[in-house]
Amino acid sequence: MKKCTLLLLTITASLLLVNCKSEEKKQDFSALTKSYFDGKNALSPLDATQNGQNEYNDQLQFEMTDSYRKSQMDFYTKYENTLTTIDTLALSEEEKNSYEIIKWEVAVGKELLAQPTNLMPLQQFWGTHLTMGQFAGGTSGQPFKTEKDYANFLVRMEKYSVWIDSAMVYMKKGIAQGVVIPKALTEKVIPQFEEMPTANVEDNLFYSAIKLMPATFSEASKKEFSEKYAATITAKLIPQYKKMTEFLKKEYLPASRTTSGIGSLAFGKELYAIYAKQWTTTEMKPEAIHELGLREVARLNAEMEKVKNQVGFKGTLIAFFDEVRNKKELKPFKKPEEVLANFESIHARIKPNVDKLFSLQPKTKFEIRRTEAFREKTASAEYMQGTADGTRPGVFYVPIPDVVNYNFYGDEDLFLHEAIPGHHFQMSLQQENTNLPDFRRFNWFGAYGEGWALYTESLGTELGLYKDPYQYFGMLSNEIHRAIRLVVDTGIHSKGWSREQAIQYSLNNEAESEASIVSEIERYMAIPGQALSYKIGQMKIIELRKKAEAKMGTKFDIKKFHEKVLGSGVMPLALLEKKINAWIKE
């Protein structure tokens with residue numbers, strides 16, 4: 001009997017030891033994910049602010065500098081080494097996902113750092129100079145509620161004035177080495193700096209927050225902040241904006257390249273292959289992506305022919321594109337408010353059906369706003385996520401630079417993608433999911449995030465939309481737009497296509513206006529590979545849904561499928577596929 005008791009005690013002690021070690025491993029891994037998130041925020045404080053991590057609100061990254069890139073490399077190397085010490089067998093399924101995500105990010109990050117992309121720190125589509133302008137407006141990611149908030153942005157503005165100098169230093173190095181952006185893009189960047197200085201400081205974008213100061217501030221504080229903001233804008237920011245404008249016009253524009261794609265740079269082909277991997281989260285090669293794009297364009301053109309015939313149009317599909325671009329009935333608005341009201345009506349129409357497809361829905365509030373004037377001319381419609389604590393809503397921004405020529409044939413589809421159930425659902429649910437470590441709650445993978453948003457466009461009929469053939473044509477137009485991206489992005493950056501060649505291909509295959517297409521092509525020139533993420537991600541999610549429907553038959557539940565896709569936040573597509581396959585097997 002005593003021997004049995006001793007044996008049981010030994011087994012119990014061993015089990016306790018195993019459990020303790022397992023718990024210790026979990027705590028170790030939890031600490032790793034926390035320090036990883038803190039490190040990412042310290043390296044990208046503007047992103048941290050956007051995500052509501054407010055302890056970084058007075059910081060600014062100097063992403064083009066050698067010292068910053070060394071910090072990045074040290075960060076990647078540290079976590080690459082740390083991961084080798086983790087016992088993955090002791091991790092839960094979600095922790096294994098976290099492990100694989102960190103491993104993937106660090107590997108791609110190191111590959112990108114091997115390329116001299118820092119010599120091209122400016123482009124017209126996104127970047128520090130545009131984010132700072134957006135934050136300066138006072139209604140975006142940068143909070144302006146407390147005196148500490150106002151003090152934070154004052155420090156950030158001062159650092160930003162130095163950032164402009166650093167950008168010029170590295171752009172000059174780029175000129176010397178022939179690593180510069182295309183002329184057409186430089187021409188778009190110039191107004192983004194040239195139009196910022198104002199004769200009266202009170203009219204300056206960076207003074208906006210002063211006009212929004214809370215009534216609870218003392219008169220002394222209001223006076224102090226007004227004076228300090230005015231002094232920083234007048235003495236530091238405006239001179240720097242003028243200096244950059246002068247540099248762009250006189251030195252950078254003449255040196256800008258005449259080629260359109262990064263493939264023309266000495267290291268360009270290798271860099272583009274890394275961008276393709278980064279944005280699609282796959283090992284697909286540019287050539288394979290190009291061929292896939294051509295097949296999808298052909299398939300969708302056939303679908304568009306059906307709609308053309310349905311509405312009784314007798315000409316060619318290209319002639320029908322012109323008909324849709326210029327049809328007066330599709331440009332009914334006289335005031336910008338009417339465009340926003342139309343989106344509100346789309347929102348109201350889908351609400352009753354959203355519950356039929358989604359059991360998992362976000363708590364974060366949602367708003368529709370017109371894009372700010374300072375960036376409206378070059379902006380696309382976009383979603384800006386809210387904060388996890390609910391203090392800032394998710395916002396669907398709509399640019400309306402020319403309301404009488406605003407064509408609304410694709411607006412039902414656009415709302416699904418940018419707003420509900422597209423980006424607003426995906427980003428908000430991810431941020432609200434406290435079961436995920438913070439680095440995943442505030443993370444982004446284009447193939448998953450944009451793939452999800454494009455997938456939701458296909459839910460329009462189930463949500464009660466696309467009853468008008470022109471709105472259904474809008475959905476097809478937006479999908480072919482993403483298929484065209486596979487063709488022209490790879491065409492520009494790996495096949496040597498010119499800007500004009502890419503514009504013509506788009507004009508031949510979609511009904512977007514020429515101005516819109518030009519803006520799009522220049523966007524792909526500015527951010528190589530990003531445009532690949534949408535279609536690659538969408539096709540994977542559709543493939544997984546079809547597989548689940550076929551394997552599960554009557555047991556398939558669309559609400560459960562959407563819950564499974566959205567439940568763990570963004571991840572590389574291979575991890576998503578693994579997760580859905582496991583669900584099907586269950």
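The structure displayed is predicted, hence computed values, not measured ones. Below, all heavy atoms of this structure are taken into account, side chains as well, without hydrogens, waters or symmetry copies. Position 1 is the first residue of the sequence; numbering continues from there.
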State whether a side-chain donor-acceptor pair under 3.5 Å links [X] with [Y].
{"X": "Asp411", "Y": "Tyr406", "answer": "yes"}
{"X": "Tyr56", "Y": "Asp47", "answer": "no"}
{"X": "Asp149", "Y": "Asn57", "answer": "no"}
{"X": "Glu500", "Y": "Gln504", "answer": "no"}
{"X": "Tyr241", "Y": "His129", "answer": "no"}
{"X": "Asp389", "Y": "Thr391", "answer": "yes"}
{"X": "Asn407", "Y": "Lys327", "answer": "no"}
{"X": "Thr387", "Y": "Gln431", "answer": "no"}
{"X": "Gln385", "Y": "Arg392", "answer": "no"}
{"X": "Glu450", "Y": "His417", "answer": "yes"}
{"X": "Thr49", "Y": "Arg156", "answer": "yes"}

Using modelled atom types and a 3.5 Å cut-off, is there a donor and acceptor pairing between side-chain atoms of [X] and backbone atoms of [Y]?
{"X": "Thr232", "Y": "Tyr229", "answer": "no"}
{"X": "Arg369", "Y": "Tyr397", "answer": "no"}
{"X": "Lys211", "Y": "Glu202", "answer": "yes"}
{"X": "His290", "Y": "Val487", "answer": "yes"}
{"X": "Lys243", "Y": "Ile238", "answer": "no"}

Could you work out, with salt bridge (Lys or Arg N to Asp or Glu O under 4.0 Å) as the rule, every residue matching [X], not counting sequence neighbours?
{"X": "Glu462", "result": "Arg545"}
{"X": "Glu372", "result": "Arg375"}
{"X": "Glu376", "result": "Arg370"}
{"X": "Glu246", "result": "Lys250"}

Given side-chain hydrogen bond (donor to acceptor under 3.5 Å, both in side chains), test Glu63 with Thr128 step by step and report yes or no.
CA-CA 9 Å; Glu63 64 273 19; Thr128 296; 2.9 Å; yes
Heavy-atom pair with the smallest gap, counting every atom of [X] and [Y]:
{"X": "Pro191", "Y": "Glu187", "answer": "CD-O, 3.1 Å"}
{"X": "Asp203", "Y": "Thr198", "answer": "O-CG2, 3.8 Å"}
{"X": "Trp444", "Y": "Gly449", "answer": "CH2-CA, 3.4 Å"}
{"X": "Val297", "Y": "Ile480", "answer": "O-CD1, 3.7 Å"}
{"X": "Ser506", "Y": "Val488", "answer": "OG-CG1, 4.1 Å"}

Where do Trp163 and Gln61 land on the side-chain hydrogen bond (donor to acceptor under 3.5 Å, both in side chains) test, with the steps shown first?
CA-CA 8 Å; Trp163 182 95; Gln61 69 266 29; over 6 Å; no
Which pairs, with at least one residue in residues 337-365 and sequence neighbours excluded, count as a salt bridge (charged side-chain N to carboxylate O under 4.0 Å, His left out)?
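Counting only pairs at least two positions apart or across chains, the salt bridge (charged side-chain N to carboxylate O under 4.0 Å, His left out) contacts touching residues 337-365 are Arg349-Glu412.
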So which pairs with a foot in residues 471-491 pass salt bridge (charged side-chain N to carboxylate O under 4.0 Å, His left out), sequence neighbours left out?
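Applying salt bridge (charged side-chain N to carboxylate O under 4.0 Å, His left out) to every pair that reaches into residues 471-491, excluding sequence neighbours, yields Arg299-Glu479, Glu457-Arg482, Glu479-Lys535, Arg485-Glu520.
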Interatomic distance, [X] atom [atom1] to [Y] atom [atom2] [nearest 0.5 angstrom]:
{"X": "Leu459", "Y": "Met475", "atom1": "CG", "atom2": "CE", "result": "10.0 Å"}
{"X": "Asn51", "Y": "Ser44", "atom1": "CG", "atom2": "OG", "result": "10.0 Å"}
{"X": "Asn204", "Y": "Ile233", "atom1": "CG", "atom2": "CD1", "result": "5.0 Å"}
{"X": "Leu573", "Y": "Thr281", "atom1": "CG", "atom2": "OG1", "result": "3.5 Å"}
{"X": "Glu510", "Y": "Tyr505", "atom1": "CD", "atom2": "OH", "result": "10.0 Å"}
{"X": "Glu367", "Y": "Met384", "atom1": "CD", "atom2": "CE", "result": "13.5 Å"}

Ring centres under 6.0 Å, that's the criterion: do [X] and [Y] meet it?
{"X": "Phe408", "Y": "Phe333", "result": "yes"}
{"X": "His424", "Y": "Phe396", "result": "no"}
{"X": "Phe425", "Y": "Trp452", "result": "no"}

Side-chain heavy atoms of [X] within contact of [Y], under 4.5 Å:
{"X": "Leu465", "Y": "Gln471", "result": "no"}
{"X": "Phe135", "Y": "Gln50", "result": "yes"}
{"X": "Pro421", "Y": "Leu357", "result": "no"}

Salt-bridged, Lys242 to Glu194, with N to O below 4.0 Å?
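Looking at Glu194 together with Lys242, the answer is no, because their closest N to O distance does not fall below 4.0 Å.
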[X] vs [Y] aromatic rings, parallel, tilted or perpendicular, using cut-offs 30° and 60°?
{"X": "Tyr252", "Y": "Phe247", "value": "tilted"}
{"X": "Phe366", "Y": "Tyr383", "value": "parallel"}
{"X": "Phe153", "Y": "Phe144", "value": "perpendicular"}

Only counting residues at least two apart or in another chain, list the ones meeting side chain to side chain contact (heavy atoms under 4.5 Å, CB included) with [X].
{"X": "Pro121", "value": "Met64, Ala167, Met171"}
{"X": "Met213", "value": "Tyr150, Ile210, Phe217, Lys222, Phe225, Ser226"}
{"X": "Gln278", "value": "Val108, Leu112, Tyr275"}
{"X": "Thr259", "value": "Arg257, Ser264"}

Inter- and intrachain pairs under ring pair (Phe, Tyr, Trp, His ring centres under 6.0 Å), touching residues 305-331, at least two apart:
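Residue pairs passing ring pair (Phe, Tyr, Trp, His ring centres under 6.0 Å), neighbours aside: Phe313-Phe320, Phe320-Phe473.
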Sequence neighbours left out, what passes side-chain hydrogen bond (donor to acceptor under 3.5 Å, both in side chains) with Glu305? Give chain and number order.
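Here the qualifying residues are Lys308.
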Please test Asp413 against Tyr466 for side-chain hydrogen bond (donor to acceptor under 3.5 Å, both in side chains), starting from the C-alpha separation and ending with a verdict.
CA-CA 8 Å; Asp413 173 83; Tyr466 305 156; 3.2 Å; yes
Within 6.0 angstrom of Lys228 NZ, more than 12 heavy atoms from elsewhere
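Check fails, neighbour count at 12 or below.
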